[in-house]
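Just so you know, these numbers use all the heavy atoms, side chains as well, and skip hydrogens, waters and symmetry mates. Fair warning: this is a prediction, and the values are worked out from it, not measured in the lab. We number each residue from 1, following the sequence as shown.
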Amino acid sequence: IAEDLGIITDEVRELLEYTGFPGMKIVQFGFSSDASNLNLPHNYPKNSVAYTGTHDNNSLAEWLKTCSYGEFSYAEAYLRMSAYDRYTESLIRAVMMSNSDLAIIPLQDWYDFEGWSRLNTPGIDDGNWVFRMLHHEMHNRDLEGYISYITGLYGRYKNR
C-alpha cells in the first residue's frame, strides 16, 4: 500500500502507476470541498484501500465532534447521517460499500470511541500508542454480528 496522502505530485502518481500499489483513501478527508474530492467514496478507484481513518487520524466519533460546520453539513447530506442511530455507522458503511479492493475500519470506529482512543498525533512526542483493549473487552457478540453483516452486505467476504 502506498501512502499517497497530502499533496499528490506527478512523481507519486507515476510511482503508483509503475508499481501497481494501491493508494489510500480516507473518508474523513472527503468532506472539505465538493463531489470531485478524491476522498469521497464514490471516487475511490478499485485499486485502493479505503479507511475511515488511520493511526494518525482521530476516531470517527471525535472527528464528527471537531470537524468544521461545513464538513459536517456536507457529510450529513452525502451520507444521510440522520438515518442512522450512530452517525459513525454512516461513515463506516460508506467505506465498506466503496469500490476499493480493501476496506479497513479501526477498532475505535467500530466501537464508536471518542478522542481518548486516538493512537497517534503526528508531531506530538507524548501520549501516543497507548490505547489498548484486552481480549475480554473486545468480546461483543452484537458487534461481531454487525461486522459480519456489513461485511457480507457489501460483498467484502473473500473465498479462501
If you look at every heavy atom in [X] and [Y], which pair is closest and at what distance?
{"X": "Y44", "Y": "A50", "answer": "CE1-CB, 3.6 Å"}
{"X": "S90", "Y": "M81", "answer": "OG-CG, 3.1 Å"}
{"X": "N37", "Y": "S32", "answer": "ND2-OG, 3.6 Å"}
{"X": "R156", "Y": "D101", "answer": "NH1-O, 3.4 Å"}
{"X": "A61", "Y": "D112", "answer": "CB-OD1, 3.7 Å"}

Hydrophobic clustering (ILVMFWY, side-chain heavy atoms < 4.5 Å, transitive) - are L79 and M97 grouped together?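 Yes.
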Hphob cluster co-occupancy, Y157 + I92, side-chain heavy atoms under 4.5 angstrom: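 Y157 and I92: separate clusters.
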Are [X] and [Y] close enough that some pair of their side-chain heavy atoms sits under 4.5 Å apart?
{"X": "L91", "Y": "L64", "value": "yes"}
{"X": "K25", "Y": "P45", "value": "yes"}
{"X": "K65", "Y": "N58", "value": "no"}

Output the rest of the hydrophobic cluster of I1: all Ile, Leu, Val, Met, Phe, Trp and Tyr residues reachable through side-chain heavy-atom contacts under 4.5 Å, sorted by chain and number.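 I1 clusters with L5, M24, I26, F29, V49, Y51, L102, I104.
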Looking at [Y], is its backbone amide N or carbonyl O close enough to the side chain of [X] to form a donor-acceptor pair, meaning the two atoms are under 3.5 Å apart?
{"X": "Y74", "Y": "A35", "value": "yes"}
{"X": "Q108", "Y": "S117", "value": "yes"}
{"X": "N120", "Y": "N128", "value": "no"}
{"X": "S98", "Y": "V95", "value": "yes"}
{"X": "Q28", "Y": "T52", "value": "yes"}
{"X": "D109", "Y": "L60", "value": "yes"}
{"X": "S100", "Y": "A103", "value": "no"}
{"X": "Y111", "Y": "M138", "value": "yes"}
{"X": "S73", "Y": "G70", "value": "no"}

Indicate the ring-plane relationship of [X] and [Y], choosing parallel, tilted or perpendicular according to the 30° and 60° boundaries.
{"X": "H42", "Y": "Y78", "result": "tilted"}
{"X": "F131", "Y": "F113", "result": "perpendicular"}
{"X": "W63", "Y": "F31", "result": "tilted"}

Would you tell me whether D34 and S36 have side-chain atoms, one donor and one acceptor, within less than 3.5 Å of each other?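 D34 vs S36: donor-acceptor pair found between side chains.
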Distance-only donor-acceptor check, side chains S68 and E71, under 3.5 Å: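 Short answer, yes.
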Taking CD in E144 as the centre, count heavy atoms belonging to other residues, nucleotides or ligands within less than 6.0 Å. Is the count above 12?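 Result for CD/E144: enclosed.
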Residue F21 excluded, over 12 heavy atoms near CZ under 6.0 Å: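 No - once you tally the heavy atoms of other residues, nucleotides and ligands closer than 6.0 Å, there are 12 at most.
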Tell me, with the steps shown, if L143 and I147 meet side chain to side chain contact (heavy atoms under 4.5 Å, CB included). CA-CA 6 Å; L143 181 59; I147 291 172; 3.9 Å; yes
Pair E62 + R118, salt bridge at N-O below 4.0 Å: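 No, E62 and R118 are not salt-bridged.
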Would you sort out whether E17 and R13 count as a salt bridge (charged side-chain N to carboxylate O under 4.0 Å, His left out), showing the intermediate values? CA-CA 6 Å; E17 187 175 331; R13 283 189 273 282; over 6 Å; no
Determine, stepwise, if the pair R93 / L153 fulfils side chain to side chain contact (heavy atoms under 4.5 Å, CB included). CA-CA 10 Å; R93 283 175 174 257; L153 181 66; 3.8 Å; yes
